[in-house]
Protein chains: 2
Amino acid sequence: MKFIIRNRSILLYGASLAVLLLIMKWLEWRLIIIDHTFELYAGAVAVLFTALGIWLSNKLTRPKTNTIIVEKEVVVEAGDFILNEVELTRLGLTSREMEVLQSIADGLSNQQIAERLFLSLNTIKTHSSKLFEKLEVQRRTQAVEKARKLKIIP
Amino acid sequence: MKFIIRNRSILLYGASLAVLLLIMKWLEWRLIIIDHTFELYAGAVAVLFTALGIWLSNKLTRPKTNTIIVEKEVVVEAGDFILNEVELTRLGLTSREMEVLQSIADGLSNQQIAERLFLSLNTIKTHSSKLFEKLEVQRRTQAVEKARKLKIIP
DNA sequence: TTTTGCCTCATACTTTAGTATGATTTTAAT
DNA sequence: ATTAAAATCATACTAAAGTATGAGGCAAAA
């Protein structure tokens, strides 16, 4: 039963064909029209079945879909600082040295850093000196530059 | 097997055609229709133009366009520096001061900057002093910090 | 033409930064 | 318990950075 419902188009097509031919036969037998109307018949059949074909095609073939995938670029914030822990461990910076480095990057003077970390000025100097050694730089500005490049500070 | 399932519509169509021809044959025998070329011709025309209709339909119907917008994340590298010209003009930094600022941000010493720009050390000091005044800072590290924050250097 | 802003440089000075060395203490690992 | 690394601080020194002031040249604007 399901089969009939699902394929009723095709069955209808077959039925209509049969009906048409029956009509043709009947006409042929009834009116004995053979001569001139033959071409007309053929034309009518052609037109009719072309239309039928178009209708069938529309009914049966699943609708064509051209799927156009448009890639929309979504800009992701680049402000995602990911600490390069590889470099950090490679350099062997201690926690105090990191604090000092961060403070230097914040633009603080040694004196200010000392006050911030509750240490003496000399201690800051010692830390920064060792820091510069490990970073292989000579000045605090260079240290900031390099640290930024190595992604160990934002 | 897959072929059969996928093309069952076409196969059914063929089958119905065959059935139709059988019916025609039966009619021919039953009604004693001598001239059977007409039926054959009409059938052929029907089939042909049905096929033409299907083909035409397929050719002429415009495919539905399914536009799928895929959001593609684009991670913008750190190279997305856009110079804040508003701030720059507001601060009134001269070209030389900008060059010095950039050099300072590169981690160069005043001596190195002097050599890079073919100027004397004192000139660099003068420039940097005026630069710090305009940026309202006291040290070169602070200048770099602020300039970066104001987006006047990368 | 005069003014103005910019660039250049110098001298003199102060402040900050950075180096070298050594000592003590804390902390963590062997 | 011993060792090693880290952290703290000090002294002494050098180097670099930063300030203040003035002056000459130069090009564009008033």
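Every chain is numbered from 1 and lettered A, B, ... according to where its sequence line falls, protein lines coming before strand lines. Heavy atoms only: backbone and side chains are in, while hydrogens, waters and symmetry mates are out.
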Counting any heavy atom closer than 4.0 Å, what does [X] reach on the DNA or RNA strands: base, sugar-phosphate only, or nothing?
X: B:Thr94; value: sugar-phosphate
X: A:Ser120; value: sugar-phosphate
X: B:Ser109; value: sugar-phosphate
X: A:Asn110; value: sugar-phosphate
X: A:Leu121; value: nothing

Contact under 4.0 Å: A:Thr126 side-chain N or O vs D:dA6 OP1/OP2: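 So the side chain of A:Thr126 is outside the cut-off, no N or O lying under 4.0 Å from OP1 or OP2 of D:dA6.
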Evaluation steps, side-chain contact (heavy atoms from CB on, under 4.5 Å), between B:Lys151 and B:Glu87: CA-CA 8 Å; B:Lys151 299 252 180 222; B:Glu87 273 299 328; over 6 Å; no
Protein-nucleotide distance ([X], atom [atom1]; [N], atom [atom2]), rounded to Å:
X: B:Gln138; N: D:dA17; atom1: CD; atom2: C1'; value: 13 Å
X: A:Leu119; N: D:dA10; atom1: CG; atom2: P; value: 11 Å
X: B:Lys130; N: D:dT19; atom1: NZ; atom2: P; value: 13 Å
X: A:Leu131; N: D:dA7; atom1: CG; atom2: P; value: 12 Å
X: A:Phe118; N: D:dC9; atom1: CZ; atom2: P; value: 12 Å
X: A:Gln142; N: D:dA15; atom1: CD; atom2: C1'; value: 14 Å
X: A:Glu115; N: D:dC9; atom1: CD; atom2: P; value: 13 Å
X: B:Arg96; N: D:dC26; atom1: CZ; atom2: P; value: 15 Å

Test log, rule side-chain contact (heavy atoms from CB on, under 4.5 Å), inputs A:Leu121 and A:Lys125: CA-CA 6 Å; A:Leu121 174 60; A:Lys125 284 187 176 182; 4.2 Å; yes
Whichever of A:His127 and B:Glu133 has its nearest DNA chain D nucleotide further upstream toward 5':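 This one resolves to A:His127.
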B:Glu97 vs B:Arg139, nearer the 5' end of DNA chain C by closest nucleotide: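 It is B:Glu97 whose nearest nucleotide is closer to the 5' end.
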Given DNA chain C, 5'-ward residue of the pair B:Thr123 and B:Thr141, judged by closest heavy atom: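 The residue mapped nearer the 5' terminus is B:Thr123.
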Quick one: do the [X] and [Y] side chains pair a donor with an acceptor below 3.5 Å?
X: A:Thr123; Y: A:Thr126; result: no
X: B:Gln112; Y: A:Arg139; result: yes
X: B:Ser128; Y: B:Arg140; result: no

Neighbour count >12 (heavy atoms, 6.0 Å) for atom NZ, A:Lys130: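 Result for NZ/A:Lys130: open.
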5' to 3' contact window, DNA chain C with chain B (heavy-atom distance under 4.0 Å):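 Going 5' to 3' along DNA chain C, contacts run C:dC6 to C:dA17.
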Heavy-atom donor-acceptor pair, A:Glu145 side chain to A:Thr141 backbone, under 3.5 Å: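 Looks like no, no N/O pair under 3.5 Å.
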